[in-house]
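This report concerns only the one structure given below.
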Amino acid sequence: MNFKLKAFFKNFFLCLLALSIPGLLILTGLQSSKYRTLKKEVEALEKKQETLIEENKKLITDISLLSSSDRIEKIAEEDLMMRQAESEEIVRVGVPGPKENKK
């Protein structure tokens with residue numbers, strides 16, 4: 001009986017080993033496929049990030065050009081017919097703060 005039990009476990013182990021090799025190969029193939037898919041996704045996201053960074057740099061440059069004081073002054077004078085106020089035309093208005101109202 002002991003010999004039959006040892007032979008059974010030996011055959012069982014060999015069958016398990018023989019079945020596990022193709023199973024591991026299949027798992028390796030699935031993992032490789034998933035890796036390739038994720039790698040393509042990462043590459044696409046990195047490319048999109050580079051595009052967005054370049055677009056952001058361009059927009060920052062546009063903002064600095066459009067908000068320059070010389071450009072704004074030119075538009076105010078030429079398009080809106082505005083001029084800089086003389087110092088005697090400037091009126092300063094003081095608004096009392098909450099502490100000043102209590103006095």
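Just so it is clear, the structure is predicted and the values come from calculations on it, not from any experiment. Values below: all heavy atoms of this structure, side chains included; hydrogens, waters and symmetry mates excluded.
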*Does Leu65 reach the side chain of Arg71, with side-chain heavy atoms less than 4.5 Å apart?*
no

*Walk me through it: do Lys58 and Asp62 pass the test salt bridge (Lys or Arg N to Asp or Glu O under 4.0 Å)?*
CA-CA 6 Å; Lys58 182 180 179 287; Asp62 290 347; 3.6 Å; yes

*Just by distance, do the side chain of Glu89 and the backbone of Glu86 share a donor-acceptor pair under 3.5 Å?*
yes

*Is any side-chain heavy atom of Leu30 less than 4.5 Å from a side-chain heavy atom of Ser33?*
no

*What residue among Leu52, Ile60, Ile53 forms side-chain contact (heavy atoms from CB on, under 4.5 Å) with Asn56?*
Ile60

*Please confirm whether the backbone N or O of Leu24 pairs with a side-chain atom of Thr28, one donor and one acceptor, at under 3.5 Å?*
yes

*Heavy-atom side-chain proximity of Glu54 to Glu50 below 4.5 angstrom*: no

*Please say whether more than 12 non-hydrogen atoms of neighbouring residues, nucleotides or ligands are located less than 6.0 Å from CD in Gln49.*
no

*asked:* Keeping Ser32 on the side-chain end and Gly29 on the backbone end, is there a donor-acceptor pair under 3.5 Å?
replied: no

*asked:* As an exercise, state the distance from CG of Leu19 to CG of Leu14, rounded to the nearest 0.5 Å.
replied: 11.0 Å

*With no hydrogens and no angle check, is any side-chain donor or acceptor of Thr51 less than 3.5 Å from a backbone partner on Lys47?*
yes

*Nearest 0.5 Å, what's the CZ-CG distance between Phe13 and Leu16?*
7.5 Å

_Closest non-hydrogen atom pair, Ser67 against Ile72_ = O-CD1, 3.7 Å

*Hey, could you give me the CZ/CD distance between Arg36 and Gln31, rounded to the nearest 0.5 Å?*
11.5 Å

_Does any part of the side chain of Met82, heavy atoms only, come nearer than 4.5 Å to the side chain of Glu73, both counted from C-beta?_
no

